[in-house]
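In what follows, a single structure is set out as structure tokens and then discussed.
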Amino acid sequence: VQLQASGGGLVQPGGSLRLSCAASGSIFSAQFMAWYRQAPGKQRNLVASLNTGGSTNYADSVKGRFTISRDNAKNTVYLQMNSLKPEDTGVYYCSVILGSAYWGQGTLVTVSS
């Protein structure tokens with residue numbers, strides 16, 4: 001399975017972006033899907049996850065602002081990001097576990113005025 005992340009860009013504080021992670025194959029049976037963020041000079045951290053049962057989990061810093069979702073028909077995982085802050089800046093990576101873990105190439109989000 002190959003993952004293609006897109007949707008990043010430059011946005012002002014308070015703005016919104018929607019990231020997409022398109023899979024080359026079916027994600028219907030994926031056990032776990034997630035978005036991670038790597039800020040400049042820092043380690044990669046979990047931002048949001050969605051398991052096979054539909055349960056979601058969010059980092060405290062993004063609760064109430066970010067929403068992870070999936071569209072099985074399009075084999076795509078989304079991350080809706082609202083009320084963006086400068087500290088949300090970083091490269092966002094999607095990951096899917098389908099037996100093994102697969103990673104997308106990352107998409108850069110810059111929140112700045």
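Only heavy atoms go into these numbers, but all of them, side chains included; no hydrogens, no water, no symmetry mates.
Val11 and Leu79 fall within a single hydrophobic cluster, where Ile, Leu, Val, Met, Phe, Trp and Tyr are joined by side-chain heavy atoms under 4.5 Å apart, directly or via other members. Following chains of ILVMFWY side-chain contacts shorter than 4.5 Å, one can reach Met33 starting from Leu98, so the two form part of one hydrophobic cluster. Connection of Leu84 to Leu19 is established within a shared hydrophobic cluster, with ILVMFWY side chains joined at heavy-atom distances below 4.5 Å, either directly or through further cluster members. Taken together through direct or relayed side-chain contacts under 4.5 Å among Ile, Leu, Val, Met, Phe, Trp and Tyr, Val111 and Tyr93 form parts of separate hydrophobic clusters. Hydrophobic clustering (ILVMFWY, side-chain heavy atoms < 4.5 Å, transitive): Ile27 and Leu50 are in one cluster.
Checked by atom type and distance alone, the side chain of Ser24 pairs as donor or acceptor with a backbone atom of Gln2 at under 3.5 Å. A donor-acceptor contact shorter than 3.5 Å is absent between the side chain of Arg37 and the backbone of Tyr92. Within the 3.5 Å criterion, the main-chain N or O of Gln12 finds no donor-acceptor partner in the side chain of Ser113. Using a distance-only test at 3.5 Å, with no hydrogens or angles considered, no donor-acceptor pair links the side chain of Tyr78 to the main chain of Thr67.
By the side-chain hydrogen bond (donor to acceptor under 3.5 Å, both in side chains) test, Gln43 pairs with Asn45, sequence neighbours left out.
Counting only N and O atoms by type, the side chains of Asn82 and Ser16 include a donor and acceptor under 3.5 Å apart.
Using a 4.5 Å heavy-atom cutoff, the side chains of Pro86 and Ser112 are not in contact. Counting heavy atoms from C-beta on, the side chains of Arg65 and Met81 never come closer than 4.5 Å. Side chains of Thr89 and Val109 form no contact here, defined as non-hydrogen atoms less than 4.5 Å apart. At a threshold of 4.5 Å between non-hydrogen side-chain atoms, the residues Val1 and Val96 do not count as touching. Here the side chains of Ser95 and Tyr102 are not in contact, with every heavy-atom distance at 4.5 Å or above. For the pair Tyr58/Ile68, a side-chain contact is recorded, criterion being any heavy-atom separation below 4.5 Å from C-beta on.
Between Lys74 and Thr76, the closest heavy-atom pair is O-OG1, 2.8 Å. Here the shortest heavy-atom pairing between Ala30 and Thr52 reads O-CB, 3.7 Å. Minimum heavy-atom separation, Leu3 to Cys21: CB-SG, 3.8 Å.
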Next item on the list: Test side chain to side chain contact (heavy atoms under 4.5 Å, CB included) on Ile97 and Ser100 and set out the steps.
Entry: CA-CA 5 Å; Ile97 295 179; Ser100 300; over 6 Å; no
Margin query: Evaluate Gln105 against Gln4 for side chain to side chain contact (heavy atoms under 4.5 Å, CB included), listing each step before the verdict.
Written below: CA-CA 7 Å; Gln105 86 286 4; Gln4 181 71 40; 3.0 Å; yes
Next item on the list: Assess whether side chain to side chain contact (heavy atoms under 4.5 Å, CB included) is satisfied between Ser49 and Phe32, documenting all intermediate values.
Entry: CA-CA 7 Å; Ser49 65; Phe32 183 83; 3.4 Å; yes
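Of the charged side-chain nitrogens involved, at least one lies within less than 4.0 Å of a carboxylate oxygen, so that Asp60 and Lys63 count as a salt-bridged pair.
The ring of Trp35 has its center no closer than 6.0 angstrom to the ring center of Phe66.
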